[in-house]
Amino acid sequence: MIKIEDYPLSRVPQDKRVSFLSVAIVHMGMLTALDQFMLGAVLGNSMTLTDAFIAISIGSLIFGVVTFGLGLAGMREGISGSLLARWCGFGRIGSVLIGLVVAVSLLGWFGIQNAIFAKSLNFALGDRLGFPLSASLSGLFLTVLVAFGFKALRITARIAVPLFILLVFFISYNVLSGQKLHEAILLAPMGEALTISAGITIVVGGAIVASLMTPDLTRYSKNKRHVFGITLLTIIAGEFVVNGLAIFIAKTLGTADVVTIMAQSAGGIGLLVVVFSTLRVNDLNLYSSSLGVVNAVEGITGKKLKYTATTVIIGLLGTLLSVLGILDRFVDFLTVLGVVFPPILGVMLVDYFLLRSHRAALDASRQLGQLPQETPLIGWAAIIASIVGSVIGLVTEWGVPTINSLLAASVIYWLFKRLFGRATSLQTA
């Protein structure tokens, strides 16, 4: 059984590694949830069928390469992504900053998922509450749930993901049975049009946080074949099954609104499953975001924030994002994720597989089942390259933003390290 909280600051021993399916099922769960269905619905409503699947294919290829690379490093070293970043260019403080970036992104996901919860609640009540009040109530409910640990509701919410997958297949059968493929191909986009490059970027943005979390899971894997199989299965299940079905459904019904899709296709049961799905996903989003902020503040300042108070504050911020309309900026949110995270992953991959800055220390300590005794304090080259790569991805109007940011950061980091050497970019603690 995988427990992400186990071995937080040490290697997973070889005798604690688990089977292929044990890791694969957990990893697939990250991309077989409501957020991927929402992404597919946007693609189906804003692109032609052909363009949407081109975006999924190229986006999945990018996701697959970086996910397999980081997953392989995590399997080889037996350590989590945050620990791996310490010896992949970023240093101790740099890895803490990465955790803070992840926490902020999860805060955004909390706001989006809470907005879906609120829309479902408001729809079920016949618009009696109005969206702002519904979003406030649902956000406060979720915040209290996570902050004070009502375990009964958490356990109930665990059935949400499998229920949601069953619902997707049920709706797909009802909506798509009798539809002809060539007719779906010819249907024009009903929403605001997306280019293929924009589609690729939001596909990557919708999955890229999972890439950074992959070493947390694959450190329990036994070999690189398992890592490759895990990556492949997750892409097939999340991108081509969940996303693909959502594309067809959204195109057939002419809407990207998940609440409308569920209400039209499955009535009250559909809305109930959506509510449970957001409950479960946001439980994890808020928990991980709060934990990330607490760890980041402690790592940088040495001060330890109280978990409950931090959770309440972050929950209130996420609720505010819902009320202010972050759901209406869903594509923009995914675009930002699609250009901010790839540079971080690119730097880590370049350092681990090409520059091998700390591979000797990692290899030697791995033989002893320990971590390297010397930990770099902060990797300025990695941080600067990541920031510059993100800016390039955001401001350039040519090419594919997510590819631009990934390649720019990787090349800048490689050149910087080659030209100036490790001594000018890292200070050893």
Side-chain angles (χ1 to χ4, degrees), residues 3-5 8 26 29-31 33-36 38 80-82 96 98-121 131-132 134-161 164 205-210 212-213 216 258 273-299 304-327 329-330 333-334 336-337 341:
K3 292 184 178 180
I4 296 178
E5 64 270 19
V26 177
M30 293 194 289
L31 291 193
L34 180 64
D35 47 3
Q36 285 299 305
M38 292 166 58
S80 65
S82 59
V96 169
I98 292 175
L100 190 59
V101 171
V102 173
V104 172
S105 72
L106 293 176
L107 172 63
W109 276 118
F110 177 88
I112 287 172
Q113 299 280 359
N114 182 59
I116 293 293
F117 189 152
K119 285 191 68 174
S120 302
L121 176 64
F131 176 75
S134 298
S136 300
L137 292 175
S138 60
L140 290 173
F141 168 72
L142 288 167
T143 300
V144 170
L145 169 68
V146 177
F148 298 99
F150 295 141
K151 293 183 179 180
L153 286 175
R154 290 190 184 186
I155 293 171
T156 303
R158 292 180 189 221
I159 65 173
V161 172
F164 181 76
I208 200 67
V209 177
L212 197 55
M213 295 174 64
D216 298 354
V258 172
V273 173
V274 168
V275 167
F276 273 115
S277 296
T278 57
L279 182 68
R280 176 54 183 159
V281 174
N282 258 353
D283 181 6
L284 294 174
N285 284 340
L286 189 54
Y287 171 77
S288 298
S289 182
S290 301
L291 203 58
V293 170
V294 170
N295 291 338
V297 171
E298 184 179 16
K304 189 170 184 178
L305 300 177
K306 292 185 177 179
Y307 169 76
T308 301
T310 304
T311 301
V312 170
I313 293 172
I314 292 176
L316 292 176
L317 288 174
T319 302
L320 180 62
L321 289 176
S322 300
V323 174
L324 294 177
I326 189 175
L327 185 60
R329 313 297 299 181
F330 183 53
F333 175 69
L334 292 182
V336 171
L337 294 186
F341 279 93

Testing the basics here: between [X] and [Y], what is the closest heavy-atom pair and its distance to 0.1 Å?
X: A115; Y: S322; result: N-OG, 3.7 Å
X: V323; Y: S136; result: CG2-OG, 3.8 Å
X: D216; Y: G81; result: OD1-N, 2.8 Å
X: L31; Y: Q36; result: O-CG, 3.2 Å
X: D35; Y: F330; result: O-CZ, 4.3 Å

If you define the side chain from C-beta out and look only at heavy atoms, does anything of [X] sit under 4.5 Å from [Y]?
X: V293; Y: I313; result: no
X: L321; Y: R329; result: no
X: F341; Y: S105; result: yes

If you measure from [atom1] on [X] to [atom2] on [Y], what distance do you get to the nearest 0.5 Å?
X: T319; Y: I314; atom1: OG1; atom2: CD1; answer: 11.5 Å
X: L327; Y: M38; atom1: CG; atom2: CE; answer: 5.5 Å
X: I116; Y: L121; atom1: CD1; atom2: CG; answer: 12.5 Å
X: L286; Y: W109; atom1: CG; atom2: CH2; answer: 15.5 Å
X: I326; Y: F110; atom1: CD1; atom2: CZ; answer: 11.0 Å

Checklist line | With sequence neighbours excluded, residues passing ring pair (Phe, Tyr, Trp, His ring centres under 6.0 Å) with F131 | finding: none
For a quick test of your reading: what N or O donor-acceptor pairs under 3.5 Å do the side chains of residues 138-145 make, sequence neighbours left out?
| residue | atom | partner | partner atom | Å |
| --- | --- | --- | --- | --- |
| S138 | OG | N114 | OD1 | 2.7 |
| S138 | OG | S134 | O | 3.0 |
| S138 | OG | A135 | O | 3.2 |
| T143 | OG1 | G139 | O | 2.7 |

